Amino acid sequence: MALKALDILKLLPQKRGCKECGCPTCLAFAMKLAQKQARIDDCPYVSDESKAALEGASAPPMKLVTIGAGDSKLEIGNETVMFRHEETFYHPPGIAVRVPDDLDAEALAARVAAIGALKFVRVGMDIRANVVVVENASCDAVRFKAAVDAASKLDLPMVLVAEKAAHIAAALPACAGKKPLIHAARPDNWEEFAKVAKENGCSLAVKAPDLEALAELTGKVKAAGVEDMVLDLTADRLSTTLQTLTVARRLALKKGARDLGYPSIVFAAGGDVFEEVAQAATYVAKYAGIVVTSLTKAEQVLPLLTVRQNVFTDPRKPIQVEPAVYEVGAANPKSPVLITTNFSLTYYTVEGEVEASRVPAYIGVIDTEGTSVLTAFASDKLTAEGVAKLLKSDALKDKVSHKKVIIPGYIAAMSGALQDESGWEVIVGPREASGIPKFLKTMWS
Ligand code: SF4
């Protein structure tokens with residue numbers, strides 16, 4: 001936990017009137033340190049012991065762990081809050097799909113191909129299942145290596161799961177350079193796993209019957225030279241796993257439990273697909289670093305990716321699109337002009353419905369600082385003047401031969417002012433984007 005100024009003061013030499021740090025007193029310097037506006041080295045008299053204590057206290061409460069390499073690498077951990085509204089969540093969890101090595105060659109290839117296809121575009125952003133987990137279900141080292149080899153063709157971070165460290169060591173050359181997460185060191189085998197992880201520069205998952213034993217285990221693994229660990233917090237029931245995820249995070253963030261200050265991995269399992277999706281979505285929200293599933297179909301994985309995208313956007317910075325005039329389909333001078341805001345979710349919903357209408361159109365996007373239609377209108381970010389400015393701008397000048405604009409139904413009250421301001425005929429469109437296809441097909445044509 002971060003130290004307060006008075007705690008820091010106790011670690012300073014407190015030479016009266018020295019001021020060599022540039023502060024009038026040691027307390028002033030301590031206050032700057034607490035606010036991270038000064039460096040401990042600015043005081044030449046701090047002892048090595050005090051430096052170590054201060055540096056240890058300023059380390060993040062949860063370690064940042066990197067799995068994989070290159071552009072597709074996954075970074076998890078380094079979170080600072082329990083609740084998103086307190087600040088933000090920084091590192092979205094990996095959504096991982098299992099590849100058991102007891103599949104036959106055809107099924108193995110199909111599973112790998114299915115995982116590779118789990119990618120989508122939502123609100124203008126690329127989202128995908130972004131981790132592959134190879135499991136040594138066969139308990140055979142040769143089959144495991146073959147499965148790791150097949151899965152490594154995907155440009156994704158990997159998790160290698162085996163009971164025997166020797167099987168992991170034998171499979172690692174098949175994914176050389178990928179720096180996979182090795183799963184898992186337990187109280188009875190941690191030395192072998194830690195050795196393999198250390199020798200290959202890999203991160204290591206650790207698992208124990210309870211948090212106390214887990215904290216003891218991470219201490220031993222760390223002492224053996226493995227710094228990057230991931231806690232396997234999977235329990236036999238959803239409620240227990242959720243409780244363990246929450247308690248571990250609280251202990252790390254609020255109580256300064258360094259031995260539990262690592263991101264986590266959990267394995268979702270359910271009686272059926274729906275239960276597995278629900279479990280996995282729960283773990284995405286609280287507080288898994290990697291959520292492992294057996295789900296391989298788009299309709300099963302997309303809900304998880306959507307939850308992840310929603311929870312891990314910064315509430316202080318709404319996702320926005322560039323304010324501009326966008327063309328949907330082969331728009332021509334007679335195509336309709338619709339107005340909306342630059343809040344991504346609003347824009348892409350409108351764009352999707354215009355596309356579905358099969359009526360080529362222009363969408364004029366007003367800069368409302370990422371707020372939706374009603375919020376923007378209520379806060380004077382979506383005004384008749386702003387829309388008129390866009391209508392009169394060069395962005396539309398050579399595009400349409402008419403002067404008719406469709407505004408969202410929710411801001412019908414703007415019609416008169418906009419007509420006066422712009423000289424365009426204002427048509428009030430549907431309130432909900434879902435009404436756009438019918439509206440364009442009937443009203444516009
Ligand atoms: S240099 Fe060190 S001892 Fe001197 S005033 Fe600053 S903190 Fe105190």
Side-chain angles (χ1 to χ4, degrees), residues 67-70 72 74 94-120 128-186 189 192-193 196-197 200 202-205 207 230 232 234 236 265-280 283 290-305:
I67 299 159
S72 65
L74 175 72
I95 304 293
V97 184
R98 288 170 146 141
V99 178
D101 68 354
D102 54 357
L103 297 173
D104 62 37
E106 199 180 323
L108 182 66
R111 174 65 68 104
V112 171
I115 296 169
L118 292 171
K119 45 186 166 188
F120 314 87
R128 68 174 306 175
N130 56 338
V131 180
V132 57
V133 178
V134 186
E135 293 176 321
N136 189 201
S138 68
C139 299
D140 180 274
V142 176
R143 288 194 76 140
F144 187 49
K145 188 175 180 185
V148 170
D149 187 38
S152 72
K153 303 291 184 287
L154 295 165
D155 183 24
L156 293 177
M158 300 180 75
V159 181
L160 308 189
V161 180
E163 290 294 320
K164 293 184 178 171
H167 290 194
I168 300 271
L172 279 171
C175 57
K178 285 199 163 238
K179 300 283 177 204
L181 170 66
I182 293 172
H183 185 286
R186 293 177 165 82
N189 66 7
E192 299 152 52
F193 274 83
V196 175
N200 293 277
C202 295
S203 47
L204 180 62
K207 188 164 177 61
V230 175
D232 184 343
T234 314
D236 51 357
I265 183 171
V266 287
F267 291 71
D272 58 33
V273 164
F274 300 105
E275 203 178 317
E276 187 166 344
V277 172
Q279 265 198 26
Y283 301 149
I290 299 176
V291 180
V292 184
T293 77
S294 308
L295 308 168
T296 55
K297 293 189 176 155
E299 66 272 23
Q300 299 161 352
V301 173
L302 185 55
L304 299 182
L305 303 182

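This is a predicted model, so every value here is computed, not measured. If you read the sequence from its start, that first residue is 1, and numbering goes on from there.
Of the possible polar contacts, one joining the Asp101 side chain to the Ser138 backbone as a donor-acceptor pair under 3.5 Å is found. Looking at Arg143, its side chain does come within 3.5 Å of a backbone N or O of Leu103 through a donor-acceptor pair. A donor-acceptor pair is defined here as one N or O able to donate and one able to accept, closer than 3.5 Å; such a pair exists between the side chain of Asn200 and the backbone of Val196. Put simply, the side chain of Asp232 never gets that close to the backbone of Ala205: no donor and acceptor are under 3.5 Å apart. A donor-acceptor pair is defined here as one N or O able to donate and one able to accept, closer than 3.5 Å; such a pair exists between the side chain of Lys207 and the backbone of Thr234. The backbone N or O of Arg186 lies less than 3.5 Å from a partner atom in the side chain of Asn189, making a donor-acceptor pair. In terms of modelled atom types and a separation under 3.5 Å, the side chain of Lys178 and the main chain of Ala69 share no donor-acceptor contact. With Asp102 contributing its side chain and Ala137 its backbone, the two residues share no donor-acceptor pair below 3.5 Å.
The side chain to side chain donor-acceptor pair (under 3.5 Å) analysis of residues 155-176, with sequence neighbours excluded, yields the pairs Ser72-Asp155, Asn136-His167.
Closest non-hydrogen pair, Glu192 versus Ala165, comes out as CB-CB, 3.7 Å. In this structure, Val301 and Ala129 approach most closely via the heavy-atom pair CG1-CB, 4.3 Å. Here the shortest heavy-atom pairing between Ala185 and Phe193 reads CB-CB, 3.9 Å. In plain terms, the two heavy atoms of Tyr283 and Phe267 that are nearest each other are CE1-O, 4.5 Å. In plain terms, the two heavy atoms of Glu299 and Pro303 that are nearest each other are O-CD, 3.2 Å. In terms of heavy atoms, Gly116 sits closest to Arg128 at O-NH2, 3.5 Å.
The one candidate from Leu295, Val133, Val292, Leu118 that meets the side chain to side chain contact (heavy atoms under 4.5 Å, CB included) condition with Val97 is Leu118.
With contacts defined as side-chain heavy-atom distances shorter than 4.5 Å, the pair Phe144/Leu160 qualifies. Two residues are said to be in side-chain contact when any heavy atoms from C-beta on lie closer than 4.5 Å; Leu74 and Leu181 fail this criterion. Considering only heavy atoms from C-beta on, Phe274 stays 4.5 Å or farther from Gln279 through its side chain. Looking only at side-chain heavy atoms (C-beta outward), Pro100 and Arg111 come within less than 4.5 Å of each other. Counting only heavy atoms from C-beta outward, the side chains of Val99 and Leu108 approach each other to under 4.5 Å. At least one side-chain heavy atom of Val134 sits under 4.5 Å from a side-chain heavy atom of Met158. Using a 4.5 Å cut-off on side-chain heavy atoms (C-beta onward), Val131 and Leu156 make no contact.
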Test log, rule side-chain contact (heavy atoms from CB on, under 4.5 Å), inputs Asn130 and Ile95
CA-CA 6 Å; Asn130 56 338; Ile95 304 293; 4.1 Å; yes
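In this structure, the separation between CG on Leu172 and OG on Ser152 is 11.5 Å, given to the nearest 0.5 Å. Interatomic distance, NZ of Lys119 versus CG of Leu302, reported as 15.0 Å (0.5 Å rounding). Rounded to the nearest 0.5 angstrom, Cys175 SG and Lys153 NZ are separated by 10.5 Å. Once rounded to the nearest 0.5 Å, the distance linking SG of Cys202 with NZ of Lys179 reads 6.0 Å. Atom OG1 in Thr293 sits 8.0 Å away from atom CD in Gln300 (nearest 0.5 Å).
With sequence neighbours left out, Glu276 forms a salt bridge (Lys or Arg N to Asp or Glu O under 4.0 Å) with no residue at all.
Within 6.0 Å of the CD atom in Glu106, the count of heavy atoms belonging to other residues, nucleotides or ligands does not exceed 12.
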